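Here the structure is laid out as structure tokens; the discussion comes afterwards.
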Amino acid sequence: MDPGWPEATAVAVQNGRILSVGRTMEDLAPWLDAAKKNGTSVTMDATFKDHVVVPGFVEGHGHPLIGAIALTRPCLSHFPQPNPYGADFPGVQDLEACGKAIAAYLAANPDNGKPVIFWGYDVAVMGQHLDAAWLDKVTGPRAVYVWDASEHFVYASTAAMKARGVTKAEASIPGVTFGPDGEPKGQFFGADAAAWVLAPALQAMLTPAEVPGIMKYLIDLGWKNGITTTSDMALGMIAGIEAESRLTKQFFNSPLAPLRCVSITAADVAEREKVVGDGAIALVRSLEAMSDDKVTFRGVKFFADDSFLSFGMQMTGPGYTDGRVGLWMTKPSDMMQRYEPWWKAGMQIHTHTNGNAGVKAVIDALASLQEFKPRFDHRFTIQHYGISTPEDAYRLARLGGFASVNPYYLYARGDINTPYIGTDRAETAARLRTLLDSGVKTALHTDTPVALPEPLEAMWIAVNRIGIESGKVLGAAERITPAEALRMVTIDAAVTLGVEENVGSIRAGKYADFAVLDASPLEVDPMKIRDINVWGIVVGGVKHPASDIKPLAQPAPSKTTLSVPKSSSPTSAVPASSRTTARTDQTTTSTKNADPRALSFAARYGNMNALADIEAITRHTDGCRLEFWRAISLEGLRFETLDLETLDFATLDVAGR
């Protein structure tokens with residue numbers, strides 16, 4: 001709400017925008033009287049009289065296509081996975097159940113000549129890597145890939161390798177494994193190998209029959225959780241800027257997508273396509289000119305240090321307890337040069353950074369930019385802001401920078417990271433109170449597919465700071481209030497994206513975009529914030545109840561199911577009372593905090609550098625996804641099979657409508 005007008009019981013809407021906000025109906029009288037005089041009809045709608053209406057949630061860092069591709073593959077996750085269209089996928093408990101799930105899916109979906117990609121295999125829990133010999137016993141002559149949950153390992157059947165043309169020559173690709181006989185084993189470890197082997201199958205999947213359902217799946221998850229504006233924080237990463245921008249415009253302006261989208265271009269891709277400097281800047285400017293009510297193109301994104309979750313992030317002294325060092329995606333010495341053309345052109349710049357050395361390097365570069373060409377309201381935003389210091393927050397505020405923080409770094413990794421970076425640094429990950437007290441405009445995000453698009457859970461983490469492993473409060477002094485957390489998933493997220501004039505709060509002149517809840521996150525017990533039911537959303541004054549969420553009526557010609565398997569799948573559900581937690585130092589069975597939403601995220605992915613060490617496998621987690629998609633972009637993946645001119649989203653039917 002407007003801080004000067006914090007509560008209301010009535011909102012007047014006209015032509016998709018808020019006309020007036022009333023504490024009572026009497027406050028709307030001037031506009032109602034004017035409508036009567038003008039002969040304008042007025043409809044009174046009391047649908048939400050027993051609900052709580054808040055500004056529509058804003059996902060400040062999302063990936064509508066990257067995130068959706070994995071989530072819409074047939075699922076092999078050990079932990080429960082959400083399904084916007086029905087019961088959640090319950091998870092597979094062991095290797096036998098995994099094999100049965102693959103066999104059942106193949107039996108229900110006859111061979112159409114295309115490979116089948118399964119997603120979510122959890123090597124840390126299953127206890128072993130798959131290979132062609134194991135898969136062939138389950139899949140027979142079918143071409144099958146199993147894509148692990150980190151999106152960083154791929155296992156292939158013999159038929160899949162034959163279709164891809166895998167030979168001994170691929171020994172030059174790092175991560176392709178071979179047996180004693182010199183033949184490929186069907187294991188592709190790491191970004192380069194995984195991207196190489198999967199690229200043609202992903203290309204074949206991006207067809208007019210499949211793409212709408214893929215994108216709709218993740219958008220429907222956001223709708224189900226109250227999101228009205230999402231974002232794409234790496235436009236062009238998969239298939240190039242021109243194709244992805246056209247697809248984004250078509251999809252979000254179709255009946256399939258009630259949500260709005262803010263798209264930020266991957267600077268690496270723009271510079272690769274149009275060369276650094278004026279050409280790349282002109283390309284992004286041309287995108288901004290394409291913006292409309294549903295899609296906003298704005299700014300560029302860079303990458304500083306590597307992953308938080310795989311310990312690829314760069315740390316200042318004393319560093320890591322085991323002496324490891326992180327990785328730079330952009331060296332500090334190169335940052336100023338990379339930023340300068342975009343800064344000089346007046347562009348908004350976002351930068352992915354995770355470790356405190358990365359955060360410091362990015363802030364140093366921002367200071368140099370301000371010396372080079374001072375700017376006001378530049379909205380330079382650090383994305384993720386994993387590990388940081390109070391001094392970082394102070395400097396960022398003085399330089400006018402913003403922070404968009406991933407709270408799951410604390411919730412899902414705070415306990416796990418302690419042995420590697422120390423208790424103090426682990427528990428103060430995702431600082432929020434320090435940022436606010438320093439005067440930094442701060443947002444929360446989920447970075448789907450790193451975490452699920454659930455703003456109420458992000459708020460719950462920010463307010464309570466509970467560690468998933470210990471159940472304890474971590475870094476209590478960094479907790480914030482529910483009101484502050486609500487701002488971080490609404491107006492402050494909108495500010496970091498540069499769209500606050502249209503979304504993020506309930507005030508006259510903005511889009512009539514609301515999240516409709518069964519209870520107020522400002523009034524319930526803080527521990528129950530994430531349990532609040534979402535009735536649905538309102539976008540541009542149009543009601544979209546969550547009960548209307550349905551998949552496309554027409555399946556893809558390949559008969560590859562676009563949603564995760566239902567609970568009737570022949571797999572074993574994870575017991576609510578216990579789970580196995582794979583750690584880098586031990587494997588334990590825990591009965592604490594067995595929340596399915598938590599279990600789907602934490603402690604479950606593999607380590608490139610310890611392929612044979614299952615107990616060490618979880619060091620290399622979700623962060624590897626970024627490496628995979630960067631490698632995919634270099635494979636030249638394009639929407640060559642997708643005729644964007646003939647793809648008409650408006651003609652696609654939604655089941656039950």
Side-chain angles (χ1 to χ4, degrees), residues 60-61 233 264 267 300-320 324-336 338-339 343 348-371 378-410 413-414 417 420-422 424-445 447 450 462 474-475 477-478 480 488 492 496 623 626:
H61 187 129
M233 197 54 73
I264 293 84
V300 292
K301 178 189 178 184
F302 288 86
F303 301 89
D305 61 334
D306 201 75
S307 165
F308 184 95
L309 300 167
S310 63
F311 295 144
M313 60 184 170
Q314 286 281 3
M315 299 290 290
T316 61
Y320 293 94
R324 76 178 68 201
V325 294
L327 301 171
W328 290 108
M329 301 174 78
T330 301
K331 295 179 180 178
S333 59
D334 296 336
M335 287 181 185
M336 174 65 179
R338 292 288 310 282
Y339 290 148
W343 178 267
Q348 182 178 2
I349 296 171
H350 298 262
T351 302
H352 154 117
T353 187
N354 286 305
N356 59 348
V359 169
K360 182 180 184 300
V362 172
I363 295 174
D364 286 345
L366 175 57
S368 296
L369 291 170
Q370 286 287 39
E371 280 191 39
H378 50 77
R379 309 199 182 206
F380 187 106
T381 302
I382 295 181
Q383 295 288 336
H384 306 321
Y385 205 81
I387 304 295
S388 64
T389 68
E391 292 76 17
D392 293 330
Y394 174 85
R395 293 184 65 213
L396 187 60
R398 303 284 104 37
L399 293 166
F402 298 162
S404 184
V405 180
N406 190 331
Y408 287 84
Y409 287 176
L410 180 281
R413 298 292 294 184
N417 283 358
Y420 303 100
I421 61 175
D424 49 354
R425 283 177 163 179
E427 291 200 14
T428 55
R431 291 180 185 269
L432 295 173
R433 173 54 57 201
T434 295
L435 285 166
L436 291 185
D437 289 352
S438 298
V440 177
K441 184 67 70 176
T442 304
L444 294 173
H445 66 250
D447 192 17
V450 171
L474 305 180
E478 290 292 344
I480 61 175
M488 289 183 181
D492 291 342
T496 66
L626 176 61

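Remember, predicted model here, so these are calculated numbers, not experimental data.
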So, for [X] and [Y], which heavy atoms are closest and what is the spacing to 0.1 Å?
{"X": "Val440", "Y": "Gly401", "answer": "CG1-O, 3.7 Å"}
{"X": "Leu410", "Y": "Ala430", "answer": "CB-CB, 4.2 Å"}
{"X": "Gly355", "Y": "Asp305", "answer": "N-OD2, 2.7 Å"}
{"X": "Thr353", "Y": "Gly358", "answer": "OG1-C, 3.1 Å"}
{"X": "Ala365", "Y": "Met335", "answer": "CB-CB, 3.9 Å"}

Qualifying residues under ring-ring contact (aromatic ring centres under 6.0 Å, His included), relative to [X], sequence neighbours excluded:
{"X": "Tyr320", "result": "Phe311"}
{"X": "His350", "result": "none"}
{"X": "Phe380", "result": "Tyr339"}

Original post:
Can Ser404 and His445 be said to form a side chain to side chain donor-acceptor pair (under 3.5 Å), step by step?
Top reply: CA-CA 7 Å; Ser404 184; His445 66 250; 2.8 Å; yes

Can you measure from [atom1] ([X]) to [atom2] ([Y]) and round to the nearest 0.5 angstrom?
{"X": "Leu369", "Y": "Ile363", "atom1": "CG", "atom2": "CD1", "answer": "12.5 Å"}
{"X": "Met336", "Y": "Trp343", "atom1": "CE", "atom2": "CH2", "answer": "9.0 Å"}
{"X": "Leu399", "Y": "Leu366", "atom1": "CG", "atom2": "CG", "answer": "4.5 Å"}
{"X": "Met329", "Y": "Met313", "atom1": "CE", "atom2": "CE", "answer": "14.5 Å"}
{"X": "Leu396", "Y": "Ile382", "atom1": "CG", "atom2": "CD1", "answer": "5.0 Å"}
{"X": "Met233", "Y": "His384", "atom1": "CE", "atom2": "NE2", "answer": "8.5 Å"}

Would you say that [X] contacts [Y] through its side chain, given a criterion of any heavy-atom pair below 4.5 Å between the two side chains?
{"X": "Ile349", "Y": "Phe302", "value": "yes"}
{"X": "Val405", "Y": "Leu432", "value": "yes"}
{"X": "Leu436", "Y": "Met488", "value": "yes"}

**OP:** With sequence neighbours left out, write down each residue that passes side chain to side chain contact (heavy atoms under 4.5 Å, CB included) with Ala393, or none if nothing qualifies.
**Re:**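 Expected list: Tyr385, Thr434, Leu435, Ser438.
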
**OP:** For Ala429, check side chain to side chain contact (heavy atoms under 4.5 Å, CB included) against everything at least two apart and list the hits.
**Re:**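 Phe308, Ile387.
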
Subject >> Results of side-chain hydrogen bond (donor to acceptor under 3.5 Å, both in side chains) for Thr442 - residues two or more places apart only >> reply: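 If we apply the side-chain hydrogen bond (donor to acceptor under 3.5 Å, both in side chains) test to Thr442, skipping adjacent residues, there are no hits.
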
Original post:
Can you name the residues that form a side-chain hydrogen bond (donor to acceptor under 3.5 Å, both in side chains) with Asn356, not counting sequence neighbours?
Top reply: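 So Asn356 forms a side-chain hydrogen bond (donor to acceptor under 3.5 Å, both in side chains) with Thr316.
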
Original post:
Please, which pairs that meet side-chain hydrogen bond (donor to acceptor under 3.5 Å, both in side chains) have at least one residue in residues 326-336, sequence neighbours excluded?
Top reply: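 Listed by first then second residue: nothing to list.
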
Original post:
Tell me, which pairs form a salt bridge (charged side-chain N to carboxylate O under 4.0 Å, His left out) where one or both residues lie in residues 426-435, sequence neighbours left out?
Top reply: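 Matches after skipping sequence neighbours: Arg431-Glu478, Arg433-Asp437, Arg433-Glu484.
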
Subject >> All pairs passing salt bridge (charged side-chain N to carboxylate O under 4.0 Å, His left out) where residues 388-398 contributes a residue, at least two apart >> reply: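 Sorted pair list: Asp364-Arg395.
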
**OP:** Please confirm whether His352 and His61 have ring centers closer than 6.0 angstrom.
**Re:**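 No, the ring centres sit 6.0 Å or more apart.
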
Subject >> Expected output: side-chain Gln383 to main-chain Lys301 donor-acceptor under 3.5 Å >> reply: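 Checking the backbone N and O of Lys301 against the side chain of Gln383, no donor-acceptor pair under 3.5 Å is found.
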
